[in-house]
Number of protein chains: 2
Amino acid sequence: MSHCHTYLKKLRDHGYRITPQREIIIQIIAHCGKHMSAEEVMELVREKSSSINIATVYRTLDMMVENGLASKFDSGNGKTAYATGKHGPHIHLVCKHCGSVTKVSENDISAFLEKIEDLYDFDCHPYHFSINGLCSDCRHSESN
Amino acid sequence: MSHCHTYLKKLRDHGYRITPQREIIIQIIAHCGKHMSAEEVMELVREKSSSINIATVYRTLDMMVENGLASKFDSGNGKTAYATGKHGPHIHLVCKHCGSVTKVSENDISAFLEKIEDLYDFDCHPYHFSINGLCSDCRHSESN
DNA sequence: TTCCTTGTTGCAAACATTCTCAATAAAGGA
DNA sequence: TCCTTTATTGAGAATGTTTGCAACAAGGAA
């Protein structure tokens with residue numbers, strides 16, 4: 001199930017104009033089952049329309065993020081990743097040394113995020129962020 | 001108190017060479033009391049040496065991050081921020097809509113990070129990351 | 001339906017960051 | 001001290017992302 005129309009309605013309600021470019025971009029990221037870079041979105045956009053500019057892709061994705069319809073995060077490969085909220089909350093533990101990624105289960109983080117929301121009146125949903133540190137392999141192989 | 005010499009020793013122990021460029025860059029970020037962008041580090045570098053390249057600044061800062069001596073995070077203004085571990089752990093709640101930043105107290109996050117370290121054998125220290133969401137002002141002013 | 005206002009787009013330039021590669025120099029051994 | 005190995009540097013090109021601006025077009029008003 002796609003939230004595509006929900007997203008468009010919410011944007012319209014916020015006073016944004018619905019353009020053909022935005023419809024195409026939102027449809028792509030809403031239907032895609034994974035997070036994507038702006039360039040990956042752009043490739044799918046080209047299959048549907050030949051004249052949408054990469055700047056419009058960036059602007060539309062960032063607009064979604066600012067309005068809570070998507071999240072962006074550092075994917076670690078030099079490109080920013082975008083995803084809609086339907087992927088659910090998750091935290092990535094990214095090793096600063098080897099780059100390996102461990103996914104924190106939803107159960108482990110829910111209590112923390114609820115506490116944040118209670119204490120700070122801050123709506124964390126959707127959330128998708130990374131914590132940097134050292135994985136056990138890299139830590140155990142250190143000289144000191 | 002600066003951890004400058006501790007940082008240099010740790011890098012030497014890890015097999016890195018200590019160059020004049022690295023000494024200057026590490027001294028700057030170790031003595032600075034706040035997080036800085038690469039360009040801000042570069043400005044201070046220029047006061048001490050006229051011939052260090054910005055690429056070397058980026059490389060040195062990233063080397064510190066990869067070895068657990070500093071952390072990097074998205075400051076929200078289009079530039080990446082770097083900080084040494086001495087600032088202690090903190091989480092920033094960044095509003096996706098208005099960009100306002102709320103700092104989570106150390107007490108509130110320590111239990112969470114300890115749990116992460118226990119469950120995933122992942123050393124989070126030093127840590128400095130952001131959670132994106134909607135602050136109460138922006139959420140309450142929404143139309144639905 | 002037509003007009004008007006103003007948000008949005010495409011383009012190109014600007015900016016932030018990373019990469020390539022030849023020249024340089026740190027660190028250890030002789 | 002000098003030599004050798006090889007990590008590191010500077011310079012500039014390449015890449016990823018943002019911004020400025022004139023032309024365009026969505027959506028409401030008439």
Side-chain angles (χ1 to χ4, degrees), chain A residues 7-26 28-29 35-43 45-46 48-67 70-82 96 99 132 143, chain B residues 7-26 29 35-43 45-46 48-67 70-82 96-97 99 132 143:
Chain A
Y7 295 155
L8 290 171
K9 181 185 184 315
K10 190 158 188 174
L11 292 174
R12 186 179 279 117
D13 290 346
H14 281 217
Y16 293 97
R17 293 181 183 172
I18 306 306
T19 65
Q21 292 91 333
R22 286 179 175 169
E23 283 187 309
I24 289 172
I25 294 164
I26 290 172
I28 285 170
I29 193 168
H35 51 75
M36 309 173 81
S37 68
E39 187 57 47
E40 287 170 332
V41 173
M42 188 68 217
E43 283 172 23
V45 164
R46 284 197 194 94
K48 300 200 174 194
S49 170
S50 57
S51 62
I52 299 182
N53 193 274
I54 186 75
T56 299
V57 172
Y58 277 108
R59 283 187 285 231
T60 300
L61 293 174
D62 285 337
M63 177 187 64
M64 294 184 75
V65 171
E66 282 167 18
N67 288 276
S71 53
K72 67 191 273 192
F73 56 96
D74 181 6
S75 67
N77 66 356
K79 298 176 186 174
T80 302
Y82 294 83
K96 290 180 288 200
N132 298 304
S143 51
Chain B
Y7 295 155
L8 290 171
K9 182 185 182 315
K10 189 157 187 175
L11 291 175
R12 186 178 279 117
D13 291 346
H14 280 217
Y16 293 98
R17 294 179 183 173
I18 306 306
T19 65
Q21 291 92 333
R22 286 178 174 171
E23 283 187 309
I24 289 172
I25 294 164
I26 290 172
I29 194 169
H35 51 76
M36 310 173 79
S37 68
E39 188 56 47
E40 287 171 330
V41 173
M42 189 69 217
E43 284 172 22
V45 164
R46 284 197 194 93
K48 300 199 175 197
S49 171
S50 57
S51 62
I52 298 183
N53 192 276
I54 186 75
T56 300
V57 172
Y58 277 107
R59 283 187 284 231
T60 301
L61 292 173
D62 285 337
M63 177 187 64
M64 294 183 74
V65 172
E66 282 168 16
N67 288 275
S71 53
K72 67 190 275 190
F73 56 97
D74 182 5
S75 67
N77 66 355
K79 298 175 186 174
T80 301
Y82 294 84
K96 289 178 289 198
H97 194 68
N132 298 304
S143 52

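A note on names: the letters A, B, ... follow the listed sequences, proteins ahead of strands, and every chain is numbered from 1.
Taking the screw axis at each terminus of the helix from C:dT1-D:dA30 to C:dA30-D:dT1 from five consecutive base pairs, the angle between the two is 30° to within rounding of 10 degrees.
Each of B:Met63 and B:Asn77 was matched to the nucleotide of DNA chain D holding its nearest heavy atom; the match closer to the 5' end belongs to B:Met63.
How far CD1 of A:Ile26 is from CG of A:Leu11: 5.0 Å, rounded to the nearest 0.5 Å. The distance from atom OH of B:Tyr58 to atom NZ of B:Lys72, rounded to the nearest 0.5 Å, is 9.0 Å.
With sequence neighbours excluded, the residues satisfying side-chain contact (heavy atoms from CB on, under 4.5 Å) with B:Arg12 are B:Ile18. Under the side-chain contact (heavy atoms from CB on, under 4.5 Å) criterion, A:Thr19 pairs with A:Gln21, A:Arg22, not counting sequence neighbours. Qualifying side chain to side chain donor-acceptor pair (under 3.5 Å) partners for B:Lys9, counting only residues two or more places apart in sequence or in other chains: B:Asp13.
The distance from atom CD of B:Glu66 to atom C1' of D:dA7 is 15 Å, rounded to the nearest whole Å. In this structure, NE2 of B:His14 is placed 18 Å from C1' of D:dT8, rounded to the nearest angstrom. Separating the CG atom of B:Leu8 from the C1' atom of D:dT8 is a distance of 15 Å, rounded to the nearest angstrom. Rounded to whole Å, atom P of D:dA26 lies 16 Å from atom CG of A:Leu11.
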>> Walk along nucleotides 11-20 of chain C from 5' to 3' and tag each nucleotide B, S or - by protein heavy-atom contact under 4.0 Å, base first, then sugar-phosphate.
In response: B----SSBBB
>> Working note: A:Ile24 + A:Ile28, criterion side-chain contact (heavy atoms from CB on, under 4.5 Å); need CA distance, chi angles, decisive distance, verdict.
In response: CA-CA 6 Å; A:Ile24 289 172; A:Ile28 285 170; 4.0 Å; yes
>> Could you walk me through whether B:Tyr82 and B:Val41 satisfy the side-chain contact (heavy atoms from CB on, under 4.5 Å) test, starting with their C-alpha distance in whole Å, then the side-chain angles of each, then the deciding distance to 0.1 Å, before giving a yes or no?
In response: CA-CA 9 Å; B:Tyr82 294 84; B:Val41 173; 5.9 Å; no
>> Applying side-chain contact (heavy atoms from CB on, under 4.5 Å) to B:Arg59 and B:Asp62, what does each step give before you reach the verdict?
In response: CA-CA 5 Å; B:Arg59 283 187 284 231; B:Asp62 285 337; 6.0 Å; no
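Between the side chains of B:Tyr7 and B:Asn67, not a single donor N or O lies within less than 3.5 Å of an accepting N or O.
For A:Arg46 and A:Glu40, the salt-bridge test fails: no basic side-chain N is under 4.0 Å from an acidic carboxylate O.
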Look for any protein N or O under 3.5 Å of an N or O in nucleotides 26-29 of chain C and output each such pair with its distance, or none.
| from | atom 1 | to | atom 2 | distance (Å) |
| --- | --- | --- | --- | --- |
| C:dA26 | N3 | B:Arg17 | NH1 | 3.1 |
| C:dA27 | OP1 | B:Ile18 | N | 2.8 |

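Proximity of B:Arg22 to the phosphate of D:dT9: a side-chain N or O atom is located under 4.0 Å from OP1 or OP2.
With hydrogens and angles disregarded, no donor-acceptor distance shorter than 3.5 Å links the side chain of A:Thr56 to the backbone of A:Ile52.
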